[in-house]
Amino acid sequence: MKKITGLFSILLLLLLAATASAATTTTTSDSTSTTAQDAASLVYVSSVKIDPEVFYPYEQGTITVTLTNTGTSSVGLSNPDILSDKIHIMNKDSWSTTNFIGAGSTMTYSFLVKADPPDGTYFPLFSVGTQDAGSIHYPLMIKVDSADIKASISQKPDSFALSTKDTVNVSIINPRGAAIKNIIITPTGQGIDVNPSQKYVSSLNGQSSVEIPFSVTPNQDTTLTFHISYQNGDNDHSTEVILPIILGDNKKAAIPIVNNVELASSGTSYTLTGDINNAGLTDAKSMVVTVGSPAQAVEPYAQYAIGSLAADDFSSFEITFTANDLSSVPLIITWKDKDGNSFSSTKNLNLRTNAGLGTTGTVSGSSGSSSGSVTPVTTGSSPTRTSSGFSGGPQGGGGIFTFGGTKSGGISSFYPVIAAGIIIIAGIVLWMKRKWIAAKLKKH
């Protein structure tokens with residue numbers, strides 16, 4: 001009996017030991033699981049970067065997700081993914097193994113993705129599994145927009161003039177919800193000078209615009225094309241703006257008008273004097289006046305430098321020259337604008353002598369043409385003043401032709417006025433002295 005009781009006691013002790021061991025094992029397993037879950041809960045998504053911020057349809061970009069472990073033990077991470085039917089990962093095989101993120105450290109996943117149309121805002125889900133503790137999820141926001149940038153010519157002259165520098169502004173508008181970058185504007189065209197030859201803009205924010213000025217000098221009718229390339233993320237895009245260049249008159253150009261021309265002979269040469277008015281809207285710089293072939297300019301005034309002639313102002317000039325034939329004397333006027341572009345205008349002074357009909361002439365040119373009659377006025381014995389016109393050549397006395405309103409038309413043109421004035425004054429005196437005169441007449 002005692003033996004049976006002892007055996008029963010031994011069996012009871014073994015059962016209690018087994019139960020205690022099983023309870024200890026269960027507690028240890030539960031503790032390990034709880035520890036893993038606690039460690040995983042301290043790993044979180046600390047930053048997300050999406051480039052480009054707004055996708056074009058079918059455009060590729062990158063989504064970069066960074067996780068941070070604020071715990072005291074490392075956590076295993078595996079199978080990172082982006083869950084969406086509109087955003088597709090192009091590099092799924094890049095993360096096929098388990099990676100451990102250490103305590104107090106970070107881990108970054110970069111996904112190459114492609115966005116499907118249509119336009120809209122999508123919310124894919126980032127997911128990554130943890131060792132022994134489930135998965136970590138984080139919602140993302142992806143925008144898809146097919147709207148393109150707008151490029152246009154925002155400023156240009158009313159008309160382009162040959163070899164004249166003008167300013168053309170190219171306007172670029174970004175209607176998208178995010179910035180574009182690396183914008184390059186390149187102008188091209190035949191027979192045209194454009195400065196600068198290329199313009200770079202580092203970035204242009206969404207819902208904003210920029211204007212880029214170019215100096216344009218056309219040498220012929222042509223087409224000016226502005227090629228515009230830019231990047232959305234790392235994706236290249238381009239557009240262009242076409243500007244037809246049709247040459248015409250420069251509405252703001254300086255316009256030289258010749259007035260009060262006088263031609264006088266002196267020895268073997270002639271002296272040509274007159275006024276030049278600037279009837280344009282811009283100043284003429286470095287203006288010089290001379291004569292051209294068949295006339296030949298001689299000293300002392302082979303060339304006459306007027307200098308700067310402001311708009312709506314005038315200046316006098318004096319040129320000395322020789323010529324065998326006065327039927328055509330080209331008056332050449334050259335000047336520059338504020339940008340240094342050179343201009344020239346030729347006014348042809350034509351003198352024709354017809355016996356019995358008097359002398360007439362015209363001044364004409366490519367810019368600011370004028371015309372009028374030539375009235376011969378001479379001094380000295382030769383040449384002589386006749387009612388039929390001008391006779392003789394350049395000799396000692398000299399001859400004077402006035403054109404378009406002479407500076408010195410002669411006192412003879414005032415004889416009728418002077419005579420009328422004398423008669424009026426005499427009448428007034430006689431009226432005031434009438435009684436005195438009547439008394440004198442009675443006395444006699």
Side-chain angles (χ1 to χ4, degrees), residues 52-54 56 145 147-233 235-255 278-287 308-312 334-344 367:
E53 296 180 36
V54 179
Y56 280 91
D145 188 358
D148 208 350
I149 66 169
K150 309 296 181 183
S152 62
I153 303 298
S154 59
Q155 178 182 321
K156 65 181 182 65
D158 292 338
S159 63
F160 291 90
L162 180 66
S163 302
T164 302
K165 184 187 297 183
D166 281 302
T167 298
V168 172
N169 282 7
V170 177
S171 175
I172 300 176
I173 302 172
N174 179 12
R176 300 173 59 80
I180 57 174
K181 63 182 182 180
N182 296 330
I183 306 167
I184 300 176
I185 305 96
T186 306
T188 60
Q190 296 292 328
I192 190 168
D193 298 324
V194 184
N195 187 45
S197 59
Q198 194 173 74
K199 191 71 175 182
Y200 173 76
V201 179
S202 60
S203 66
L204 178 60
N205 292 331
Q207 309 296 320
S208 63
S209 64
V210 64
E211 289 202 7
I212 301 97
F214 290 87
S215 294
V216 176
T217 306
N219 301 309
Q220 64 182 45
D221 289 347
T222 185
T223 298
L224 178 59
T225 303
F226 293 93
H227 302 277
I228 303 169
S229 64
Y230 63 97
Q231 288 185 315
N232 186 52
N235 303 282
D236 295 329
H237 296 267
S238 64
T239 186
E240 61 184 25
V241 179
I242 298 176
L243 176 63
I245 304 294
I246 307 299
L247 298 182
D249 294 330
N250 186 351
K251 296 181 179 180
K252 296 183 179 180
I255 302 176
N278 182 0
L281 299 179
T282 57
D283 296 349
K285 311 287 186 178
S286 305
M287 180 175 282
S308 180
L309 187 59
D312 201 27
T334 60
W335 71 95
K336 296 181 179 181
D337 63 10
K338 61 182 179 62
D339 297 314
N341 298 308
S342 298
F343 299 89
S344 176
S367 174

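Values reported hereafter were calculated over all heavy atoms of this structure, with side chains retained and with hydrogens, waters and symmetry mates removed.
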Around atom [atom1] of [X], are there more than 12 heavy atoms from other residues, nucleotides or ligands closer than 6.0 Å?
X: Q231; atom1: CD; value: yes
X: D249; atom1: CG; value: no
X: K181; atom1: NZ; value: yes

At what distance, to the nearest 0.5 angstrom, does [atom1] of [X] lie from [atom2] of [Y]?
X: F214; Y: Q155; atom1: CZ; atom2: CD; answer: 13.0 Å
X: I192; Y: L224; atom1: CD1; atom2: CG; answer: 4.5 Å
X: I242; Y: T188; atom1: CD1; atom2: OG1; answer: 9.0 Å
X: K336; Y: K285; atom1: NZ; atom2: NZ; answer: 12.5 Å
X: S344; Y: W335; atom1: OG; atom2: CH2; answer: 7.0 Å
X: S163; Y: F343; atom1: OG; atom2: CZ; answer: 8.0 Å

Minimum heavy-atom separation for [X] and [Y], please, with both atom names.
X: P52; Y: N235; value: CD-ND2, 4.4 Å
X: D283; Y: A310; value: OD1-CA, 3.2 Å
X: D158; Y: K251; value: CB-NZ, 4.1 Å
X: T167; Y: P213; value: CG2-CB, 4.3 Å
X: A254; Y: A284; value: CB-CB, 3.9 Å
X: L162; Y: N219; value: CD1-O, 3.3 Å

Exam field: side chain [X] to backbone [Y], donor-acceptor pair closer than 3.5 Å:
X: S159; Y: N250; value: no
X: D221; Y: L247; value: yes
X: N278; Y: I255; value: yes
X: T222; Y: Q220; value: no
X: N195; Y: S215; value: no
X: D337; Y: G340; value: yes
X: R176; Y: Q207; value: no

**OP:** Mind running side-chain contact (heavy atoms from CB on, under 4.5 Å) on L243 and K156 for me, showing each step along the way?
**Re:** CA-CA 10 Å; L243 176 63; K156 65 181 182 65; 3.6 Å; yes

Exercise for the section: Going by the side chain to side chain contact (heavy atoms under 4.5 Å, CB included) test, name the single residue among T239, I185, I172, T186 that passes it with F226. Expected result: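 Among T239, I185, I172, T186, the one that satisfies the side chain to side chain contact (heavy atoms under 4.5 Å, CB included) with F226 is I185.
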
Report task. Could you point out which residue of N174, L204, I173 forms a side chain to side chain contact (heavy atoms under 4.5 Å, CB included) with I149? Result ->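 Going through N174, L204, I173 one by one, the side chain to side chain contact (heavy atoms under 4.5 Å, CB included) with I149 is satisfied by N174 alone.
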
Would you check if there is a donor-acceptor pair between the side chains of [Y] and [X] at a distance under 3.5 Å?
X: Y56; Y: D148; value: yes
X: Y200; Y: N182; value: yes
X: E211; Y: S171; value: no

Discussion item. For a side-chain contact (heavy atoms from CB on, under 4.5 Å) check, start with the C-alpha distance between K199 and I184, then their side-chain angles and the critical distance, and finish with the verdict.
Written reply: CA-CA 6 Å; K199 191 71 175 182; I184 300 176; over 6 Å; no

*asked:* Between V241 and T225, is the side-chain contact (heavy atoms from CB on, under 4.5 Å) condition met? List the steps.
replied: CA-CA 6 Å; V241 179; T225 303; over 6 Å; no

Stepwise side-chain contact (heavy atoms from CB on, under 4.5 Å) check, D193 with V216: CA-CA 6 Å; D193 298 324; V216 176; over 6 Å; no

- Message: Less than 4.5 Å apart, side chain to side chain, heavy atoms only: is that true for F160 and V168?
- Response: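 A side-chain contact under 4.5 Å exists here.
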
